[in-house]
Participant: 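My questions all concern the structure below.
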There are 2 protein chains.
Amino acid sequence: MSTDQLSRTFAALADPTRRAMLARLSEGEATVGQLAEPFAMSFAAVSKHLRVLEAAGLVSRGRDAQYRPARLDARPLAAASDWIGDYAKFWADSFESLGSYLDRLQQTNPKSNPAKENDDV
Amino acid sequence: MSTDQLSRTFAALADPTRRAMLARLSEGEATVGQLAEPFAMSFAAVSKHLRVLEAAGLVSRGRDAQYRPARLDARPLAAASDWIGDYAKFWADSFESLGSYLDRLQQTNPKSNPAKENDDV
DNA sequence: TTAGTTCTAAACCGATGAGTTGAATATAGC
DNA sequence: GCTATATTCAACTCATCGGTTTAGAACTAA
């Protein structure tokens, strides 16, 4: 895997343990111990997952006595959502062909050119 | 990485070459040769990337003489978008606290309980 | 200072990922 | 059948990933 921001974000999300950690963090800050609790996994492994999430910018860490509480930072998810959103027209209606979808778009907003929206990676 | 559908989708998206291929496919079917053209990479490597995309359900293949045209299937992206969407409230407005965001949600739609939407992985 | 708790660093291991090269397969056209 | 083109398979390399264990660092509390 290369190492641009979007790749790091998607790579971080590719692991179900990390997705579960993000879900937990969406309820509020948590320590490594609290994050490790649901998993049959060493603290060190959880610590490593946190490093991956941190490198992706999805988590920031603090310090509270011995504890290093982790806090969710969802901003990279906005970029990921934007990227995926460019493809929304392709799943918008599985029974509707892309052609008729574009036709309908043209009707709604005749100025736009919806056929050329996926030039970036 | 484990091997559930969502993990396969995110893992497939974690590679910039594969994202570029999806972008190309959003303009229409393409053969391996056409997909390989922008990259300094062997056909075999492109073929492998296509297998990953196929395993993630993002691409389906056909047959046209010697060619095995690939076609975009964006449906798995809808599931990925849904997952990420659960976190939209956390990036919705970086200057607005989560608390006031939830307050505003309550005002708009007093029946819902937006505080408990992230129980799944 | 000593002991206890929480977390991370380091070294290691097996599995997987992304790429290569070279041979094999599938199809078309002659 | 023979040859050319498009694609995949197989075997290999090298790096990274997810996990472990052991030891050490950061901090608190006696």
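Quick note on labels: first sequence line is chain A, next is B, and so on, each numbered from 1.
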Participant: Nearest 0.5 Å please: distance from the CG atom of A/Leu22 over to the OG1 atom of A/Thr17.
Facilitator: 11.0 Å
Participant: Taking atom P of D/dT21 as reference, at what distance in whole Å does atom CZ of A/Phe43 sit?
Facilitator: 14 Å
Participant: Got A/Phe90 and B/Leu77 here, is their nearest side-chain heavy-atom distance under 4.5 Å?
Facilitator: no
Participant: Looking at B/Arg71, I'd like to know if its CZ atom is crowded, meaning that more than 12 non-hydrogen atoms belonging to other residues, nucleotides or ligands lie closer than 6.0 Å.
Facilitator: yes
Participant: Using every non-hydrogen atom in the two residues, find where B/Pro16 and A/Asp4 come nearest and quote the distance to one decimal.
Facilitator: CG-OD1, 4.1 Å
Participant: Report the residue from B/Arg61, B/Glu29, B/Arg63 that forms a side chain to side chain contact (heavy atoms under 4.5 Å, CB included) with B/Pro69.
Facilitator: B/Glu29
Participant: Which residues in residues 45-52 of chain A have a heavy atom closer than 4.0 Å to any atom of DNA chain D?
Facilitator: A/Ala45, A/Lys48, A/His49
Participant: Would you say that B/Tyr87 contacts A/Leu25 through its side chain, given a criterion of any heavy-atom pair below 4.5 Å between the two side chains?
Facilitator: no
Participant: Listed in order of residue number, which residues of residues 31-42 of chain B have a non-hydrogen atom at under 4.0 Å from DNA chain D?
Facilitator: B/Thr31, B/Val32, B/Gly33
Participant: Using a heavy-atom distance cut-off of less than 4.0 Å, which residues of residues 55-73 of chain B contact DNA chain C?
Facilitator: B/Arg63, B/Ala65, B/Gln66
Participant: Expressed in angstrom and rounded to an integer, what is the separation of B/Asp15 atom CG from D/dA15 atom P?
Facilitator: 18 Å
Participant: Give the rounded distance in Å between these two atoms: CG of B/Leu13 and C1' of C/dG17.
Facilitator: 16 Å
Participant: Can you tell me the distance, in whole Å, between the CE atom of A/Met21 and the P atom of D/dG19?
Facilitator: 8 Å
Participant: Report the residue from A/Val46, A/Leu72, A/Asp15 that forms a side chain to side chain contact (heavy atoms under 4.5 Å, CB included) with A/Met21.
Facilitator: A/Val46
Participant: Just so I know, are the side chains of A/Arg19 and B/Ser7 near enough to count as touching, which here means a heavy-atom distance under 4.5 Å?
Facilitator: yes
Participant: Is the closest side-chain heavy-atom distance between B/Thr31 and B/Gln66 below 4.5 Å?
Facilitator: no
Participant: Got a second to check how far A/Leu50's CG is from A/Ser60's OG, nearest 0.5 Å?
Facilitator: 10.5 Å
